[in-house]
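Everything below concerns the one structure shown next.
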Amino acid sequence: MNIARVIVDVPASSTNQTFDYVIPEKFQEMLTVGMRVIVPFGPRKIMGFVVERVSESSFNKLKGIIDVLDFTPVLTEELLELGKWVANETLSLSITALQAMLPQVLKSTYEKELVRMTEEQLPEVFEHLFAGRGFIPFKEFEASSISYYQLQKLIEAGDISIDYLVKSRITKKHVSMVKPTKDMHLLEEALLDLSKNAKKQKLLLQFFIEHENPIEQQELLKKVGTTTSTVKALVDRGLLATFQQEVMRDPYENREFERTTPLVLTKQQREAIIPINEAIEADKHDVFLIHGVTGSGKTEIYLQAIQEVLNKGQEAIVLVPEISLTPQMVNRFKGRFGSEVAVMHSALSAGEKYDEWRKVQRKEVKVVVGARSAVFAPFENLGIIIIDEEHETTYKQEDQPRYHARDVAIHRGQTNSCPVILGSATPALESYARATKGVYRLATLSERTNQMDMPKVDIIDMRKELHAGNRTMFSRDLMEKMEQCLEKGEQIVLMLNRRGYSTFIMCRDCGHVKECPHCDIALTYHKNSNQMKCHYCSYEEPVPVVCPECESDLIRYFGTGTQRVEEALTKLLPEAEVIRMDVDTTRRKGSHEKLLKQFAEKKADILLGTQMIAKGLDFENVTLVGVLTADSMLHLPDFRSSEKTFQLLTQVSGRAGRHELPGTVIVQTYTPEHYSIELASEYDFQSFYKREMSMRKAFQYPPYYFLALVTVSHENQVKAVQTTQQIVQVLSQHVGNTTVLLGPTPSPIPRIKDRYRYQCMIKYRNEPDLRTYLNKIKTIFADDVRKNDLLITVDMQPYHMM
DNA sequence: AGCACGCCGACT
DNA sequence: GTCGGCGTGCTC
């Protein structure tokens with residue numbers, strides 16, 4: 001078994017296979033599957049994952065592994081298998097699937113260097129370039145005006161060589177430690193030898209005579225009340241030594257978590273948890289869907305089920321949508337399970353993420369609470385996977401590998417024979433349909449634990465407001481209720497559903513909208529820099545003074561951004577303090593949390609924000625929730641827009657009156673008669689489900705049909721259309737007659753970065769070999785892709801049609 | 001991907 | 001003769 005099969009870090013279809021390498025003697029014993037290695041690949045050195053150890057290879061001249069990067073495998077055998085499955089399922093490359101399971105810092109970066117091999121005089125230009133150094137970054141050569149040919153000659157002559165470096169992004173955090181170097185009695189002797197003036201040094205020695213263990217320098221200095229120079233003096237005398245020790249970053253280290261104990265469950269909660277506990281006991285895989293209204297105590301069920309799993313000595317993964325991974329959520333898990341919990345979300349620095357991941361790898365924790373990618377946590381004795389807010393679209397990764405965390409979770413649940421819990425107040429139609437069919441087991445929690453009714457929802461027809469002469473973005477009802485709220489000292493949450501809207505620039509005279517010259521999309525206005533930016537290609541230009549079309553100076557920015565609402569609010573309710581939460585105010589790390597804390601401490605009356613405020617927040621003093629534009633995403637070209645609207649409205653309504661104070665919700669809309677708005681206001685999931693299902697059936701959408709989306713992009717529009725047409729043709733020869741092929745159709749954004757984008761949508765009910773056909777297409781066009789800069793992407797079960 | 005190799009055409 | 005610019009095939 002002295003040969004390793006390696007998946008190399010070269011994301012290309014032609015290298016999407018294992019490569020065999022000889023394992024040098026010194027690595028024979030320690031190298032196991034799942035470790036990262038550095039291997040020669042052509043003239044380069046690259047990183048790769050060992051996926052198998054074998055004793056024979058069909059390949060003749062094997063090269064050897066250069067280095068092994070890990071002492072503990074970064075991928076367990078289960079995860080290697082899972083990687084294969086993900087790659088196959090999502091039609092992505094093996095290396096991409098494997099990389100997706102690891103924290104970013106474990107990715108390798110590559111650099112080239114020029115190494116001087118001779119002391120003899122090099123040509124003038126090279127002497128100048130090296131400037132006395134033994135090696136230089138290759139980039140410096142590229143930046144110089146020296147020709148490649150000249151370099152080639154020197155390389156051939158052996159005067160210069162190229163070195164390929166594989167670097168790691170890992171940054172381990174270290175602290176300075178201090179320890180005594182001599183025995184106790186020697187320290188005591190030294191103490192007597194010190195001069196009378198060296199008071200601080202004496203104190204330090206005294207300290208180590210009492211505590212002989214190494215101590216963090218910072219802590220030592222504080223305890224003894226001295227500075228590094230004193231420590232240094234003793235180090236110079238050979239009595240003490242300083243060294244660096246690695247520490248784990250703990251993003252929550254300075255936080256106290258109030259320990260909580262299990263709550264008494266309601267009847268409905270008990271009924272829901274019994275079958276889950278049975279599955280845990282029996283090591284049986286099953287998918288449970290908990291459909292529970294907001295405030296029905298889903299989280300308590302999760303906590304108690306996890307406790308059951310921990311009691312068995314097993315581990316738990318909890319997935320939460322990024323956006324609701326709020327301090328409140330983290331508190332609940334940290335409060336119950338303390339240091340057994342690792343938290344993984346995007347607000348952590350790369351280093352912190354790595355450390356949290358290592359806590360799992362080193363078995364220092366038993367529970368992971370995290371966003372999508374936490375589904376790959378390297379536990380080896382998994383007892384349960386929980387997906388909260390399972391309907392959230394953030395569980396679908398939008399770049400390669402385009403996996404859905406729910407599917408991965410269920411697959412891991414099968415291999416680990418453990419239960420998977422999906423929880424939501426508004427389950428995804430797909431999930432609910434499976435639950436009704438008995439594929440998943442359904443538990444319904446219809447009562448809130450505090451017995452309070454859901455807040456009353458008033459729908460306001462904004463067309464009538466307009467007719468009545470109200471041209472502001474606040475209806476008369478909302479204004480009145482806000483004023484009442486402020487008088488009583490209660491708080492307000494205002495949500496602006498910005499999806500589908502953005503601040504763009506439009507000419508009031510001719511209606512001209514400023515678009516990106518490289519993408520078919522309106523440029524967005526950025527107030528702070530006074531620039532127009534493209535969100536797709538980061539093209540930028542200053543805001544025009546006059547309309548480029550008609551030269552009118554009536555060119556303004558448009559759209560209802562949170563900034564504009566804030567401005568309007570301060571005009572209409574000057575006494576109200578407003579906290580604005582959107583991408584602009586929450587970009588900085590921790591600012592999200594800070595703003596929420598301020599609001600919780602009642603430092604503001606109104607919390608104004610985008611969707612990000614709809615989830616997971618729980619403020620006792622909030623009695624009014626206003627949705628400014630409920631229908632803004634209803635008209636998007638997305639078959640899930642009704643579902644998303646229903647979910648969002650239900651979610652945001654749950655923010656009001658969660659405690660003693662009764663709550664009101666005001667929903668402003670231009671389409672009050674739309675069923676998703678009407679039924680959300682009545683909290684009628686069942687009717688919505690039936691209604692939406694019949695729509696999906698009629699229009700052949702999930703859950704009745706599966707989808708696959710093939711997108712083709714090319715600089716040349718004709719080429720893009722033609723290729724898509726060819727793809728449709730090839731597919732039509734293979735697929736069954738119940739399968740629908742749509743296309744070529746332009747993508748919702750038909751051009752990005754000067755590339756035209758066309759797509760083909762496949763709607764199917766039963767196509768067991770579809771992946772084979774799609775792979776075949778990839779092979780057919782592989783040449784075209786490489787030679788003609790064609791791009792073909794496949795998205796199985798797409799969530800965004802772009 | 002990224003590198004070498006080879007062929008071609010432009011330029012001194 | 002000297003260079004750089006692509007197109008092509010290969011990487012254990």
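Order of the sequence lines fixes the chain letters, A, B, ..., with proteins taken first and strands second; residue numbering starts at 1 for each chain.
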**Study point:** Partners passing ring-ring contact (aromatic ring centres under 6.0 Å, His included) against A:F59 (at least two apart in sequence or in another chain)
**Key:** none
Check your understanding: Do you know the tightest heavy-atom contact between A:A720 and A:V712?
Key -> O-CG1, 3.9 Å
Review point. What's the spacing between A:M796 CE and A:L770 CG if we round to 0.5 Å?
Key: 5.0 Å
Review point. Just checking, any donor-acceptor pair under 3.5 angstrom between side chains of A:Q733 and A:Y773?
Key: no
**Study point:** From CZ (A:F639) to CE (A:M761), nearest 0.5 Å
**Key:** 7.0 Å
Review point. Counting any heavy atom closer than 4.0 Å, what does A:K45 reach on the DNA or RNA strands: base, sugar-phosphate only, or nothing?
Key: nothing
Check your understanding: Is the side chain of A:R412 donor-acceptor paired with the backbone N or O of A:V375 at a distance under 3.5 Å, no angle test?
Key -> yes
Check your understanding: Within this structure, what is the NZ-to-C1' distance between A:K112 and B:dC3, rounded to whole angstrom?
Key -> 8 Å
**Study point:** Between C1' of C:dT2 and CG of A:L151, the distance in whole Å
**Key:** 16 Å
Check your understanding: When all nucleic acid strands are considered with a 4.0 Å heavy-atom cut-off, which category describes A:Y110: base, sugar-phosphate, or nothing?
Key -> nothing
Practice item. For A:M47 and B:dG2, give me the distance from atom CE to atom P, rounded to whole Å. Key: 14 Å
**Study point:** Short N-O contact, A:K45 and A:D67, less than 4.0 angstrom
**Key:** no
Exercise for review: Starting at atom OH of A:Y164, determine the distance to atom P of B:dA1, rounded to an integer number of angstrom.
Suggested key: 17 Å
Practice item. For A:Q152 and B:dG6, give me the distance from atom CD to atom C1', rounded to whole Å. Key: 11 Å
**Study point:** A:T739 and A:E767: side chain donor to acceptor below 3.5 Å
**Key:** yes
**Study point:** A:N788 CG to C:dC6 P, straight-line distance once rounded to whole Å
**Key:** 15 Å
Exercise for review: Without swapping roles, check the side chain of A:R53 against the backbone of A:M1 for a donor-acceptor pair under 3.5 Å.
Suggested key: yes
Review point. What is the distance from OH of A:Y148 to P of B:dG2, rounded to the nearest Å?
Key: 13 Å
Exercise for review: Give the rounded distance in Å between these two atoms: OH of A:Y149 and C1' of C:dG5.
Suggested key: 16 Å
Exercise for review: Mark up nucleotides 7-12 of chain B, 5' to 3', with B wherever a protein heavy atom is under 4.0 angstrom from a base atom, S wherever such an atom reaches only the sugar-phosphate, and - elsewhere.
Suggested key: ------
Point to revise | Per-nucleotide protein contact string for nucleotides 7-12 of chain C (B base, S sugar-phosphate only, - none; heavy atom under 4.0 Å) | key: -SBBBB
